[in-house]
Visitor: 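Sharing a structure, written as structure tokens. Questions coming.
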Number of protein chains: 8
Amino acid sequence: MTNEEISRILESVKNQEINTNEALSLLKDFSFQELEYAKIDHHRELRTGYPEIIYCSGKTTEQVKGIISAMLEKDVDIMATRASEALFEAVKELHPELIYFNKARIISLRKRKPVFPDTSICIMTAGTSDIPVAEEAAVTAELLGNKTERIFDVGVAGIHRLMNKLDIIKKSRVVIVVAGMEGALASIIGGLIDKPIIAVPTSVGYGANFGGVSALLAMLTSCAGGVSVVNIDNGFGAGYYASMINKL
Amino acid sequence: MTNEEISRILESVKNQEINTNEALSLLKDFSFQELEYAKIDHHRELRTGYPEIIYCSGKTTEQVKGIISAMLEKDVDIMATRASEALFEAVKELHPELIYFNKARIISLRKRKPVFPDTSICIMTAGTSDIPVAEEAAVTAELLGNKTERIFDVGVAGIHRLMNKLDIIKKSRVVIVVAGMEGALASIIGGLIDKPIIAVPTSVGYGANFGGVSALLAMLTSCAGGVSVVNIDNGFGAGYYASMINKL
Amino acid sequence: MTNEEISRILESVKNQEINTNEALSLLKDFSFQELEYAKIDHHRELRTGYPEIIYCSGKTTEQVKGIISAMLEKDVDIMATRASEALFEAVKELHPELIYFNKARIISLRKRKPVFPDTSICIMTAGTSDIPVAEEAAVTAELLGNKTERIFDVGVAGIHRLMNKLDIIKKSRVVIVVAGMEGALASIIGGLIDKPIIAVPTSVGYGANFGGVSALLAMLTSCAGGVSVVNIDNGFGAGYYASMINKL
Amino acid sequence: MTNEEISRILESVKNQEINTNEALSLLKDFSFQELEYAKIDHHRELRTGYPEIIYCSGKTTEQVKGIISAMLEKDVDIMATRASEALFEAVKELHPELIYFNKARIISLRKRKPVFPDTSICIMTAGTSDIPVAEEAAVTAELLGNKTERIFDVGVAGIHRLMNKLDIIKKSRVVIVVAGMEGALASIIGGLIDKPIIAVPTSVGYGANFGGVSALLAMLTSCAGGVSVVNIDNGFGAGYYASMINKL
Amino acid sequence: MTNEEISRILESVKNQEINTNEALSLLKDFSFQELEYAKIDHHRELRTGYPEIIYCSGKTTEQVKGIISAMLEKDVDIMATRASEALFEAVKELHPELIYFNKARIISLRKRKPVFPDTSICIMTAGTSDIPVAEEAAVTAELLGNKTERIFDVGVAGIHRLMNKLDIIKKSRVVIVVAGMEGALASIIGGLIDKPIIAVPTSVGYGANFGGVSALLAMLTSCAGGVSVVNIDNGFGAGYYASMINKL
Amino acid sequence: MTNEEISRILESVKNQEINTNEALSLLKDFSFQELEYAKIDHHRELRTGYPEIIYCSGKTTEQVKGIISAMLEKDVDIMATRASEALFEAVKELHPELIYFNKARIISLRKRKPVFPDTSICIMTAGTSDIPVAEEAAVTAELLGNKTERIFDVGVAGIHRLMNKLDIIKKSRVVIVVAGMEGALASIIGGLIDKPIIAVPTSVGYGANFGGVSALLAMLTSCAGGVSVVNIDNGFGAGYYASMINKL
Amino acid sequence: MTNEEISRILESVKNQEINTNEALSLLKDFSFQELEYAKIDHHRELRTGYPEIIYCSGKTTEQVKGIISAMLEKDVDIMATRASEALFEAVKELHPELIYFNKARIISLRKRKPVFPDTSICIMTAGTSDIPVAEEAAVTAELLGNKTERIFDVGVAGIHRLMNKLDIIKKSRVVIVVAGMEGALASIIGGLIDKPIIAVPTSVGYGANFGGVSALLAMLTSCAGGVSVVNIDNGFGAGYYASMINKL
Amino acid sequence: MTNEEISRILESVKNQEINTNEALSLLKDFSFQELEYAKIDHHRELRTGYPEIIYCSGKTTEQVKGIISAMLEKDVDIMATRASEALFEAVKELHPELIYFNKARIISLRKRKPVFPDTSICIMTAGTSDIPVAEEAAVTAELLGNKTERIFDVGVAGIHRLMNKLDIIKKSRVVIVVAGMEGALASIIGGLIDKPIIAVPTSVGYGANFGGVSALLAMLTSCAGGVSVVNIDNGFGAGYYASMINKL
């Protein structure tokens, strides 16, 4: 939408050729804010139901600070993922309510908590080493307004630990399974429950794990139905997707 | 088996309503039927809400016939995927109500149609060649009791064809995006709507497509939120997963 | 050749029981028979406890016939793997006792049945399509003198089918797990029993299965102890290895 | 849990020796201990014959300390693999009998030494750089109660070094072959002896070695029978598997 | 060397304007300067229209200094890519006019600015993290005498940001699209405009991105026409190629 | 939508046969035609300067016939790539002017030949086996209105064959290099001329060629500037891209 | 073309023994013959000491016939590799002396047999299935004038078969080792002899062999010195290279 | 050990010149020296014509020192590759004549210089960054007694730099081509000369170079004859192999 088009719409409003509702609709508003290095999508919450979320990895500290500053001026909620503790130290001066989830590596400032149904999202891990990815998923889901259940370290090498938690798992509306190595936990859960499972392969492992590829392939080829997959270590994506489903 | 079920069986033992042998049988026997080459999971519908589904690829005609015959005796619904037309010719004599969806390559006999909410599942393809996979997804979803919308051949090379259908897409409860080549359609839809998207990479393409790997990787690394992925060409998995979400 | 054998030969030379040419021949000649296209290792049974086994894939019918003919002359047992039915038709005229296991694709003529302990080898498959590889393993183990138990189609998508067979599995001395797709069955069994497991990935599956690579990687990175792996579809290797362990 | 165990519990209920709540607890509770980040499987030794073993890689120092502390309270044996020297420094205060094998990177506290047969496990390496992986295998086997033989640096580039040790190798009950680069040593040994060989590819090498993939593939495709494979650098897995076989 | 040039030299020999030694030197000597570790191609500008450009990665500081010194003596323009700030600190003493573009990591000394047509090259990025690669492309194009337009952070997750810039994009003569993750931006632009697009995959991303491979494959298999691809992170190559096209 | 159609709409507005809203609607509606299995993009020529082109691979004969029939009704030019001879036999009845280029596997019906500058596109191959891909590129370029030069079988194994053609190559405006195996020809040409080169890796070769991957990687990592790459065997893409550049 | 040759031509010009046009022709014309689809390099024998060799794979029968016909006119020797029996049937009418080596798949017509030293090339295979590749190598070497020794089926699974042939191997000047599966034979030979070894990986095998990649990687990472590698199944390349070395 | 040697030992036994124990020792003992972590192959020089060479990568400083000390006692020549400067600082105290080649990263002590023919080995690189690998090759060849010619930085981007050196190249007996990126230099040289070429791919490059894989594949699939390949960055292997050929 060019400046001229916007001007013309505004003139039409002024001349009462169209009313403000119509104008609003016309502007249907590709509003975004332009920094030198980023275009902040303030319109995103309206369009997709979720605020713009900052992926910190690969951005300089100055860039993250600039983006957060610009968002603070607009009074929108803030969520920044893959944030190191050092990064948080650098940005926390921008606003007193900025908080840091260190296991999940997420910076957040959340004023409007969306009202979600009372159902919960269950986040499971196969091992202890998978917890950071699971925490990214869980905190993401919580910040987006969901209840969560954490069940960690219930991998298939000791399957009775899992069976013991089956009631909690079955009561959840959607289940996130976080697993590295051979990722078999996703298939097990898929054979036991009738809820959608979001499988998150992790880079936990070594050798023929290839940085998470083994778990990724295993989850994609799972013989159990009801399993879909997100990128390796993508806790955020899983939490976001689970929230979408939980909100339906 | 939940705690309550176990408790109930134990109470029956205590009250001498059933003897220990009967209890043993109840506790151990998740019912299934044993053929020489297969164990048919009649319990599956109870456990996961969906009937046992026969994946025909890699099974001999005799094996598929045997499994269907055994299931017909139990009067359960039948759904067999990756079935060639020749296979259907061989099995259709088993029951007059067996039907064949040739684009989707599915054999079906469905008596009990589950009652689902009135929301629909949208199945999109980037190109014409992706249609067989999309049909597998659509017919699966329909046999499981869902309404569907098909929007085919709206790939990014002519993005206006997609924009034209945006209203239908936005009205769906969950969207399946089927695409080969570079699979960019999933990212586009992910940036435009706020519903969960199930991305199905297809093996359509050549050269650096590597049998669907390019689309698979692109979908897994999508910069848009709200996208999860199933195996290459796995139309069935996508339809099944969408049905799960739609049923929530 | 052990030190003792060499010493004995040398003593014979010193004692002039044999001349140096004969000694040379003894020292150099590990006996084998030379055809134009193959060197048949008659010494193998002595050296490794198992007869020379013919891997038919990649050999012409004439070559297989030639090798079998040469072995028949030496009166050794015969075992030929990856043999098509057509190949068997071509070679069965060589000897009336040659038999064919069509599911396992093995041609055999076995006179001396080795005496093994009374323990058995359990061969499991995740699905029906994995059966040909499992049969290759089972028939191999049987021809080498072992008792076997077959448990087919107990994949993780219906884990109760597996639990039902746990007693049989636990009684075996060594377990072969044959699985395609994500190969999770090996990890499950590994977490439940304390016997060595030989995992055989199969090429059953499609898409991100990559001809068995997904199952292979999953089995190699299994978080359960007690799992070792052989090549994709290598039923023979698994049966042979299990026999070695069972014979200890 | 076997049929007999379930029957016995059910009989106790019927005889009112225990009430249904107690039975429920017995039936459901495969005992494990729950920390915030881990579920310690005390039942494991009973179930699989081996104690729970801590894989330190990817766990924080605090997590490893917490798990060891919890295990010390239960008076079970302790074995922690992939432990750096720094980690040992941090945990050794927990108990005076904790010891550290620095070449094998294993922390251990072992009270009950299992009684194994008098046969030994032979651990071989192709080169000097493969020794750390071999030590992990050897120490694991020893802690699990086995006798071992170490034969290092006998790779195929100087095959006479290997021939010289053949007597020792042939006397072992099971052989672990640790090799990087092209991993040919496993095939050589496989052609010379009739004992099960556990091949461990290592990441030793460079270029087309791809972090151990070349050795892994070579071992999987070995033309010698009697070779099974574990993950790259997985000395622990090899030692554990060899112990299982030696114990049969 | 064209036929005409050879003919002219031969004519000079025949006319005895030059002797055979001189002719030999002319025929053989495509002029270059020989250092111990490099052969500087002063002839390159004549032959391909562009000066020799120094790729600093993998060269020692001393080598880069030596090459720049040698070129300064010949009074040719200098352009050195993949130069760290530390490298610039080390070489800037060689000439007062050497300047450093720190976002693009390029050292330059440019006296002769080639005269290009008035058309411009548009450089786009999908995200903020792609900017360093885009800057390398943009500065390269500018140093080679082209006008540029930068449009950053317009990835497909917020496609309206892109639509807003479509006029500028369409006015450019050639477009460089720099994108990591799934690289879908190249396909989108390819479907919207009729100018050649040079796609640069970046290593931005994680997990199944495999250091840029996902974006690379997606761009190669783009269903949109008019897209060609250069190496991952190869901003220089894209700027150079765009300049070639713009100069036609 | 052709220029003529747009003109006609504008005339209707001028003649007040339709009002501006109706005209806007006609113009805004990116006209495409909806078949059951395809959406034909008649507007494409306006938007990108090139007609919709049918990629036949993966489409059924009925689908291709349907699409061509629909396009014939609209009187637009037709170009269908990857068309087998059998496919042409099936569609040629649709229109007497449909012709088939059998080496290039292209079906065409071209009425309006676009007027291009008098410069030509040079298409080179390294070997004889690369010719089909080169023909696809050449015929595509010609159908789009370009002059072409073909130089086949000038690979680096006999580099003098190439040198002999250097004059023709240098006179072209843009060069397409088609090569399989190690694809070195693209680098050679890149070091010799100052025109943009479009490299097309082919699947010609065997073994470590991996279906064209070796040539693809070599072309992407070419040390010569001025080389961009399209998908393996993508002769059409190269011809289309070259045409875009030639038209600038 | 050496300096001396150029000088001589220039002198001839100066002395007016030849005119400039003739000189141009001499300088530019490395003689080759141009067909529509191929440029036959008659100059090759002069330049590299070996005749132009036709690689038939990927060429049509008509193209091979055309090339052979053109070469027959020039009276040069002919060697065509990867030729099917059907192809030979089609071309043998061109000349009565054309012969076919069916195991090696080579068509040949050789008049001038080069005189080589009396040393021989040893060609070994690990298995029977590797023989076709070995025959391609052996026949190539023989046609180029070398003596050969064939030692087939001496793989590492029965290493004594190899030891028995060590004298013959050690007497050869250069050794070609052809092996599929894990390719360990090359390393073994490399540790036993001090002659250059040319390793040829073959595509013999299955599963994790990946069409010869396992053998290729093993040979490249061989811990034995004195091993170089050619492409998978490239018997011709190995024979040609061995001939080069033998001729030195 | 040849037949003759065995015969001679046997004759000595028969003639009672040596007793059976001595004979046993001679027959079994291919002499090597056993350290805790290494078996030094003093017999190697006799067997393969080259001394044992220490590959330092992956060995601790103490291990390298121990091996060198043991070799110094035996008065054999020493050559240690992949040695860092720090390693040399640690070992140089062992003997005053130990020297360090820092570009080649080789430690050496060479007393007996083998007498080789007067022919030389030519080592070429495509770029400046390839020099360390080339130096490893060159110094290796020199230490083994060969004359060398170094021609660096003559990659295909400026092919005239190469042509200028063609005379030197053609006079060498064997040529080592060291190249990263697309590795095209090997093919070029292969088309120009008739001497064996040893191609060494290097890890120089980025992105789709994949640590040298692109160059490796390109060299393996070279369309030029006379090219064999060693491992990525394996300068030592190339120098050793070239020396073997030069010595023939």
Side-chain angles (χ1 to χ4, degrees), chain G residues 1-4 41 44-50 52-53 55 117 119 140 144 163-164 166-167 170-171 173-174 176 190-201 216-217 219-232 234 236-248, chain H residues 1-4 41 44-50 52-53 55 117 119 140 144 163-164 166-167 170-171 173-174 176 190-201 216-217 219-232 234 236-248:
Chain G
M1 204 167 253
T2 62
N3 280 353
E4 293 72 42
D41 186 357
R44 189 178 171 79
E45 192 153 11
L46 233 86
R47 204 170 70 256
T48 69
Y50 294 93
E52 168 95 49
I53 289 153
Y55 174 71
T119 51
T140 296
L144 295 172
M163 292 306 179
N164 202 274
L166 211 49
D167 289 347
K170 286 188 170 175
K171 277 180 200 145
R173 196 164 202 225
V174 49
I176 295 172
L192 291 170
I193 68 170
D194 63 342
K195 298 291 167 46
I197 293 161
I198 303 161
V200 191
L216 171 64
L217 294 182
M219 287 163 169
L220 283 167
T221 58
S222 174
C223 57
V227 177
S228 77
V229 187
V230 296
N231 195 2
I232 297 165
N234 190 4
F236 164 72
Y240 185 90
Y241 195 72
S243 177
M244 263 189 172
I245 294 176
N246 196 31
K247 186 191 170 187
L248 287 178
Chain H
M1 202 167 256
T2 63
N3 280 354
E4 292 72 41
D41 187 356
R44 189 177 172 78
E45 191 154 12
L46 235 86
R47 203 171 69 256
T48 68
Y50 294 94
E52 167 95 47
I53 289 154
Y55 174 71
T119 52
T140 296
L144 295 173
M163 293 306 179
N164 200 275
L166 211 48
D167 289 347
K170 287 189 169 173
K171 277 179 198 145
R173 198 166 199 225
V174 48
I176 296 171
L192 290 171
I193 69 171
D194 64 342
K195 299 291 166 46
I197 293 161
I198 303 160
V200 191
L216 171 64
L217 296 181
M219 287 164 168
L220 283 167
T221 58
S222 175
C223 57
V227 177
S228 77
V229 186
V230 296
N231 195 3
I232 297 165
N234 190 4
F236 165 72
Y240 185 90
Y241 194 73
S243 177
M244 266 190 170
I245 294 177
N246 197 31
K247 185 190 171 187
L248 288 177

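Any value given below was found using the heavy atoms of this structure, including those in side chains, with hydrogens, waters and symmetry copies removed.
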Visitor: To the nearest 0.5 Å, how far apart are CD1 in H:I245 and CE in G:M244?
Guide: 10.5 Å

Visitor: With sequence neighbours excluded, tell me which residues meet ring pair (Phe, Tyr, Trp, His ring centres under 6.0 Å) with G:F236.
Guide: G:Y240

Visitor: Top residue by heavy-atom pair count (under 4.5 Å) with chain H, among G:A238, G:G226, G:A199, G:G237?
Guide: G:G226

Visitor: Can you tell me which of G:N234, G:V229, G:I198 forms the most heavy-atom pairs within a distance under 4.5 Å of chain H?
Guide: G:V229

Visitor: Count the heavy-atom pairs under 4.5 Å between each of H:V230, H:I197, H:L248 and chain G, then report the option with the highest count.
Guide: H:L248

Visitor: To the nearest 0.5 Å, what is the distance between CG (G:L220) and CG (H:L216)?
Guide: 5.5 Å

Visitor: Please state whether the side chain, the backbone, both or neither of G:V227 comes within less than 4.5 Å of a heavy atom of chain H.
Guide: backbone

Visitor: Checking heavy atoms, do the side chain of H:I232, its backbone, both or neither come under 4.5 Å from chain G?
Guide: neither

